[in-house]
There are 2 protein chains.
Amino acid sequence: MSRPTIAGVARAAGVSVASVSRVLNGLPATEEMVERVQRAVDELGYVPDARARSLKVGRTFQLTLAVADVGNPVYVTMMRAVEEVVSAAGYRLVVTTTGPDVVDEVALVRGMARGYADGLLISPLRVDEDLVKSIRECEVPVVVAGNVPAKAGVDTVRANSPKGMLLAVDHLVAKDRRRIAFLNGPADTVPGAARAKGFAEALKAHNLEPAAVAEATDFTFTAGRAAAPDLPAGGFDAVICANDLLAVGVMHELAAAGLEVPADVAVVGMDDSELAEQSFPPLTSVNLGSAERGRRAAELLLARIEDNERAPRRIVVQPSLSIRRSTP
Amino acid sequence: MSRPTIAGVARAAGVSVASVSRVLNGLPATEEMVERVQRAVDELGYVPDARARSLKVGRTFQLTLAVADVGNPVYVTMMRAVEEVVSAAGYRLVVTTTGPDVVDEVALVRGMARGYADGLLISPLRVDEDLVKSIRECEVPVVVAGNVPAKAGVDTVRANSPKGMLLAVDHLVAKDRRRIAFLNGPADTVPGAARAKGFAEALKAHNLEPAAVAEATDFTFTAGRAAAPDLPAGGFDAVICANDLLAVGVMHELAAAGLEVPADVAVVGMDDSELAEQSFPPLTSVNLGSAERGRRAAELLLARIEDNERAPRRIVVQPSLSIRRSTP
DNA sequence: TTGTACGCGTTATCAA
DNA sequence: TTGATAACGCGTACAA
């Protein structure tokens, strides 16, 4: 005894399949028709098959969110925001992890052609020609949370890293910290490149030289710890890290070296994720608007699904600084 | 110009649709046939439609993982393990958040009947009759990561909280901490109930009385901070927390009260998530085998999809203790 | 080995 | 308003 189909319901109710479909979709029907169909549906426990429906209407009512690392708390913030918008619009959200390699991202975008989902929201770590091309050629609408060349002609929502960097440096300088170091993630990533540039600019705006710059192999806690020794001990009184995970990693190493935060070294993270609040001491962090970026990106995606001819939009979300106890 | 279908490919290659399908699915065909089909496929950029395929074969090759809170780092551990097993078997993983309410869980399980996915892996926070019933009646295979009555007749993978508690208490007692407090999450949840019971038993095994017991409103960092004051200041020299997030919340409050960890108070978490390593001081935590539970649960789900008649299995994963600096 | 034709469960078009 | 029927794109008996 397998699942009842619409035909079964029609038979049980003594009406046509078309009528059942109409009642189920709220199209005009007589009082009595609705009544009969409803009863048959309840009796048989009929549930419409999403697969068949998808085939017919050409939509899955499913959207994909692709992030590089589910372990990065910034993505949970973004994911929550996206989920909220998307489910309010009647879509389910599929969360996928791509890993750090651009080839995986490309494979994912190409795979969208199979019609698993009605749209893709991707936050790529690395971007190359192949990825831009695959996005442009993608069968379903794509929105990028991150930076991608304007000529790609794709909807984009991104953070303003340079401005965020400036907020961080302003704050540190106001607290009399002038020997500022920078721990970046991989510079060959989109956020890595943006933050390196932003850091350089922000220091220049204050007529300062970088006290030190190091680069972690990943945007992870472990990579942060591993890279911390690359910053010359005692050579800086403040360090800005490219994200919160790196910052927490650095704080562990500073503690191990007997340095106090913020007395000896002030630490600033970026993303203002839940981890910033949870770390000890709580981490001053640049809020790059991950929740808002998620929300706006989701809205953009829904709008494009509605109308694929609209001109691509490029939204920039402004940062703010969440000051906590890791800075004086 | 819409997507090419299998019919288009057949026309372009001058063969039948059946032959195209066969070649694509690796069924026997002549060298030349394969060649011709392949060329046509490449030329047209044909990609099989997952929707149509799903309808025909009655499978989506999609599995759903439902967790209560994506912000809880224990789930990223589990998710990673599940993803690994599942993708190796050719399935995609859909991650869904249910929230803390059992009604949402029930709605989710019921919704599986629509055929969105071929199986469900759920880690329910709260379990009631409705949930058990919906799981038993579910159209697709369900595996529960957590505790559910044996009479539910469902595959289950769960942790051994009492044993884990005992490991924690053993460790603390060995370090001469005998005034042990316990911060639980909501006791009306499955893990909350298990841990409360485990704590009581473990203390009894050592002939100890609880120094204090409190209950947070959620298994979150914020709830942990809020509940910490419910433990009598100075009344305990060790505290076990029902998960890592609560433990980190407590450590923040202890610090605010001027107490040192572990000198004044030893702190033990549960889950041994990434957060335990990231917290400061690093958190001693009971490893309840979340990665292994995820892996085993995923394997169970795949096995049941393969053969729905097999007898339900109930797997218990044994805990271990990861000792870090939050205990002496 | 290859081709024809049907069915998967649904929605949408057209007559009645 | 309702009912019969043609798609949607694919896999697969069955026949050739």
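Residue numbers start from 1 in every chain, and the chains themselves are labelled A, B, ... in the order their sequence lines are given, proteins ahead of strands. These numbers were taken from a predicted model, which means no experiment stands behind them.
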For residues 115-152 of chain A, which residue pairs pass the ring-ring contact (aromatic ring centres under 6.0 Å, His included) check, not counting sequence neighbours?
none

Residues forming a side-chain hydrogen bond (donor to acceptor under 3.5 Å, both in side chains) with B:Thr60, sequence neighbours excluded
B:Asp118

B:Arg114: salt bridge (Lys or Arg N to Asp or Glu O under 4.0 Å) partners, not counting sequence neighbours:
none

Would you mind listing every side-chain hydrogen bond (donor to acceptor under 3.5 Å, both in side chains) that reaches into residues 6-15 of chain A, with sequence neighbours excluded?
none

For A:Arg293, give me all partners under side-chain hydrogen bond (donor to acceptor under 3.5 Å, both in side chains), at least two apart in sequence or on another chain.
none

Carboxylate-amine/guanidinium contact A:Lys133 A:Glu129, below 4.0 Å
no

Holding to salt bridge (Lys or Arg N to Asp or Glu O under 4.0 Å), I want the full list of residues that pass it with A:Arg295, two or more places apart in sequence or in another chain.
A:Glu299

With sequence neighbours excluded, residues passing salt bridge (Lys or Arg N to Asp or Glu O under 4.0 Å) with B:Glu309
none

Quick note, salt bridge (charged side-chain N to carboxylate O under 4.0 Å, His left out) partners involving residues 22-33 of chain B, not counting sequence neighbours, are B:Glu32-B:Arg36

How far does the helix from C:dT1-D:dA16 to C:dA16-D:dT1 bend, going by the axes of its first and last five pairs, to the nearest 10°?
40°

Chain A footprint on DNA chain C, 5' to 3' - any atom under 4.0 Å from a heavy atom:
C:dG9 to C:dA12

Sugar-phosphate means primed atoms, P, OP1 and OP2; the rest is base. With that split, encode nucleotides 6-16 of chain D 5' to 3' as B, S or - using protein heavy atoms under 4.0 Å.
-BBBBBB----

For A:Tyr91, what residues pass the ring pair (Phe, Tyr, Trp, His ring centres under 6.0 Å) criterion, not counting sequence neighbours?
A:Phe61

